[in-house]
Amino acid sequence: MGQVALSLNGRMYRLACEDGEEERLRALAACVKSKLTTLIDEFGQVGETRLMVMAALLLADDLLDSQPSLATLDDQGDDLTETDAPKGKK
């Protein structure tokens with residue numbers, strides 16, 4: 001089992017992850033840290049819990065905004081697969 005130490009808003013968090021997933025966890029933490037930095041720059045230190053909730057909501061908003069685009073890309077990929085497949089196969 002892997003472990004990663006992360007610093008968010010001046011606090012250290014030690015998190016477990018599957019072996020080999022350490023870099024992915026660091027990348028995810030970098031996204032959260034970026035949102036936190038933006039919020040701190042805009043609102044100041046308004047409390048750790050409030051900042052974390054605000055960052056989570058901003059990331060969820062980004063995710064919801066991206067879902068229609070992902071669905072469109074998925075549909076386009078399906079269309080390509082159907083036209084490129086040999087006859088009789090999908």
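One is the number of the first residue; the rest follow in order along the sequence.
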task: Not counting sequence neighbours, which residues clear side chain to side chain donor-acceptor pair (under 3.5 Å) with R14? List them please.
output: none
- line: When rounded to the nearest 0.5 Å, the distance separating CG of L58 from CG of L39 is 5.5 Å
Reported CE-to-CG distance for the pair M54 and L36, which is rounded to 0.5 angstrom: 10.0 Å
query: What about L28 and L8, same hydrophobic cluster or not, with Ile/Leu/Val/Met/Phe/Trp/Tyr joined at side-chain heavy-atom distances under 4.5 Å?
result: no
message: If hydrophobic clusters are built by linking Ile, Leu, Val, Met, Phe, Trp and Tyr wherever their side-chain heavy atoms come under 4.5 Å apart, do L51 and L59 end up in the same one?
response: yes
query: When you look at L6 and V32, which way does the side-chain contact (heavy atoms from CB on, under 4.5 Å) test go after all the steps?
result: CA-CA 11 Å; L6 306 171; V32 173; over 6 Å; no
message: Filter on side chain to side chain donor-acceptor pair (under 3.5 Å), then keep only pairs touching residues 55-67, sequence neighbours left out; what's left?
response: K35-D62
Please list every donor-acceptor pair under 3.5 Å in which a side-chain atom of residues 40-49 meets a protein atom from a residue at least two apart or in another chain.
unit_1: Q45; atom_1: OE1; unit_2: N9; atom_2: ND2; d: 3.4
unit_1: Q45; atom_1: NE2; unit_2: N9; atom_2: OD1; d: 2.8
unit_1: E48; atom_1: OE1; unit_2: R11; atom_2: NH1; d: 2.7
unit_1: E48; atom_1: OE2; unit_2: Y13; atom_2: OH; d: 2.3

field: Apart from V53 itself, residues in the same hydrophobic cluster as defined by side-chain heavy atoms under 4.5 Å
entry: L57
Pairs of donor and acceptor atoms involving the side chains of residues 16-23, under 3.5 Å and at least two apart or interchain, shall be tabulated with distances.
unit_1: D19; atom_1: OD1; unit_2: M1; atom_2: N; d: 3.3
unit_1: D19; atom_1: OD1; unit_2: G2; atom_2: N; d: 2.9
unit_1: E22; atom_1: OE1; unit_2: G20; atom_2: N; d: 3.0
unit_1: E23; atom_1: OE2; unit_2: R26; atom_2: NH1; d: 2.7

query: Quick one: does S34's side chain have a donor or acceptor within less than 3.5 Å of a partner on A30's backbone?
result: no
